[in-house]
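These notes concern the structure reproduced below.
Below, all heavy atoms of this structure are taken into account, side chains as well, without hydrogens, waters or symmetry copies. Note that the numbering runs from 1 along the sequence shown for the chain. Worth saying up front: this structure is predicted, and the values here are computed from it rather than measured.
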Amino acid sequence: MSPDAASASGGEEGVGEPDGAHRRGPAALKTDARSAVPDVCAALAVTATVFLFLFARMRSGESRAWTGPPAT
């Protein structure tokens, strides 16, 4: 087996599991979920800001993507 194939398959010594992979159970899941809350909040805030910015541009007429409601 080539050295590249051995390292890709994790066959070399010293190649371990990623950090946190040894934790199991509901307590670990709760800890992981709590640590993800700031990232989730930041992602939602950025997404909402971009959406509101683009929506405001559309409604004001600055964007050619919004031509108004269809004429009847």
Side-chain angles (χ1 to χ4, degrees):
M1 183 182 309
S2 70
D4 292 335
S7 64
S9 65
E12 288 185 12
E13 288 186 31
V15 176
E17 294 180 1
D19 291 340
H22 61 278
R23 295 185 300 173
R24 301 279 187 245
L29 182 60
K30 187 181 283 190
T31 303
D32 290 344
R34 279 192 191 139
S35 66
V37 168
D39 293 336
V40 169
C41 290
L44 286 174
V46 168
T47 302
T49 302
V50 169
F51 174 80
L52 291 174
F53 170 74
L54 293 175
F55 187 76
R57 276 196 61 192
M58 243 179 18
R59 295 294 279 181
S60 72
E62 288 181 41
S63 174
R64 293 183 183 242
W66 176 256
T67 57
T72 55

Where is the tightest heavy-atom contact between Ser35 and Asp32, given as atom of each residue plus distance?
OG-O, 2.8 Å
Answer yes if Phe53 and Val50 sit in the same cluster of Ile, Leu, Val, Met, Phe, Trp and Tyr residues linked by side chain heavy atoms under 4.5 Å apart, and no otherwise.
yes
Any chance you could measure Leu54, atom CG, to Arg59, atom CZ, to the nearest 0.5 Å?
14.5 Å
Donor-acceptor contacts under 3.5 Å from residues 42-49 side chains, at least two apart:
unit_1	atom_1	unit_2	atom_2	d
Thr47	OG1	Ala43	O	2.8
Thr49	OG1	Ala45	O	2.7

